[in-house]
Amino acid sequence: MDKDHTLVWQKCLKTIKKNINAQSFRTWFEPIKPAGLQGNVLTIQVPNKFFYEWLEEHYVALLRMTIRQELGEKGSLDYQILVNNKSKRIPGITQENPNGNRIEKQGFASEQIKNPFVIPGIKKLRIDSQLNPSYTFDNFIEGDCNRLARSAGVAVGKKPGGTAFNPLFIFGKVGLGKTHLAQAIGNEIKHKSPNRTTLYVSSEKFTNQFIESLKNNAVNDFVNFYQLIDVLIVDDIQFLSNKQKTQDIFFHIFNQLHQNGKQLILTSDRPPKDLVGVEERLISRFKWGLSADLQAPDLETRMAIIESKMSREGLAMPGDVTEFISYNIKNNIRELEGVMISLIAQSSLNRREIDIELAKEVIKNFVSEISKEVTVEFIQKMVAEHYELKVENLKGKTRKRSIVIARQLSMYLAKNMTNKSLKVIGDNFGGRDHSTVIYSCKAVKDLLDTDSLFKDTVETIEKKIKMSVHN
Ligand code: ADP
Ligand code: MG
């Protein structure tokens, strides 16, 4: 007896509807069309491969149960996937399938796809990359802090999808250039291979688009849209944390693109292994390619960044001011820029020259911990830092030569750079008396006269202290 496939599917839908919520039903089951019934194999047509994967992953048990209820113990399911508006058959895992579920690369009839970035009313599908053209490699200064990430980025820019760096996972703390670097890669690709579709999206925007598509019953369009992308840049991926559904959809998009040799570039404020609230399977995908970090720039790099930005603005910053800012703003390049911008604004508004004095005033708004004068503690801290010692070593009793020199130097600098008495200085060094301080100062002076290397060291430390806001 031949059953009618439409009828069978309608009955299935009834059961399914009872078992899942209305939204999921609308999203995942209403778009399905029954396509045929042969013996006990029901064929259903789904709009794309993603759809099929989603069903198999999330609804396999329900489907299996329903199909068997309608078609008996041997009942099973076949999928037809629309490829270029033609259909392609694949068996589902509801039917034991020895060949695996491999299907060919798909094409899409692009006029059907709704673009979540497109402004309503504009008919033509044109995917704007959403890139900011001012982020380039040219103005991304290289330093030890970013060398690996930058050169991996350059490689990806030359051969998107064609390097081992897929995904390229860029991580680092805030303000260290993740967005800049990721966009520079995108801009490079856009420039060098204009026929590739590049898209930059923050993970927040991605999430919102997905939620919107759920609301509008347009998850399909959302997924189809993302499958058109050749180079997908997702910024601040850590915001996907604890967003289960968005992670699911991203996982599928990631797989589709990766399988098809498309390039993925992701950024995050931490390495993949430290992402919390992110599914393990996603984290493992993130580790497939290269994870490269951006670290805080060293002094030279900070100075180079300032110089480069200023010269791009057609302005010149006095060298000592550049140095002064670089000494004081260490951990965040965005802050470095903030200081520069304020400085320029202050100088033009108040018709003042850009000098150290003005720089000090501006920097005070950026650095929280400021004291007016150099303190003995601060000198100790700077000297200890320089010699890679602990401050306690300077106060302690160790007679180790390197420590003794650092200790004597700290007393010498305290004597010369603060107006503290010999007694107070001595107290600060584990209760030594004033004659020890005098002796130390003399020892340092002697060494300064005879050892030019030591003299350089002292000058460097002195400069660091002076340059710091703490004076
Ligand atoms: P993140 O995304 O890591 O928070 P951004 O990419 O937004 O940081 O960088 C902050 C600012 O610092 C941007 O204006 C960027 O242009 C600048 N910047 C970061 N790294 C560099 C660099 N290596 N050379 C020049 N400018 C940089
Ligand atoms: Mg950023």
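Just so you know, ligand 1 is whichever comes first in the structure, and atom 1 is the first atom listed for that ligand.
- When the shell of 6.0 Å around NZ of Lys287 is examined, it contains more than 12 heavy atoms from other residues, nucleotides or ligands.
- Between Arg281 and Asp248 there is a salt bridge, since a side-chain N of the basic residue sits under 4.0 Å from a carboxylate O of the acidic one.
- Protein N/O/S atoms closer than 2.8 Å to the Mg ion (ligand 2): Thr179 OG1.
- In this structure, the ring of Phe222 has its center less than 6.0 angstrom from the ring center of Tyr226.
- Under the 6.0 Å cut-off for aromatic ring centres, His58 and Trp28 do not qualify, their centroids lying 6.0 Å or more apart.
- Without hydrogens or angle criteria, Asp236 side chain to Glu204 main chain gives no donor-acceptor distance under 3.5 Å.
- For the pair Lys463 and Glu323, the salt-bridge criterion is met [side-chain N within less than 4.0 Å of a carboxylate O].
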Could you walk me through whether Gln346 and Asn350 pass the side chain to side chain donor-acceptor pair (under 3.5 Å) test, one step at a time? CA-CA 6 Å; Gln346 289 284 340; Asn350 303 327; 3.0 Å; yes
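- Salt bridge status for Glu212 with Lys215: present, with a side-chain N to carboxylate O gap under 4.0 Å.
- Between Phe171 and Phe169, the ring-plane angle classifies as tilted under the 30° and 60° cut-offs.
- Around ligand 1 you find Tyr135, Asn139, Phe140, Ile141, Asn146, Lys173, Val174, Gly175, Leu176, Gly177, Lys178, Thr179, His180, Ile305, Lys309, Ile333, Arg334, Glu337, each with a heavy-atom distance below 4.0 Å.
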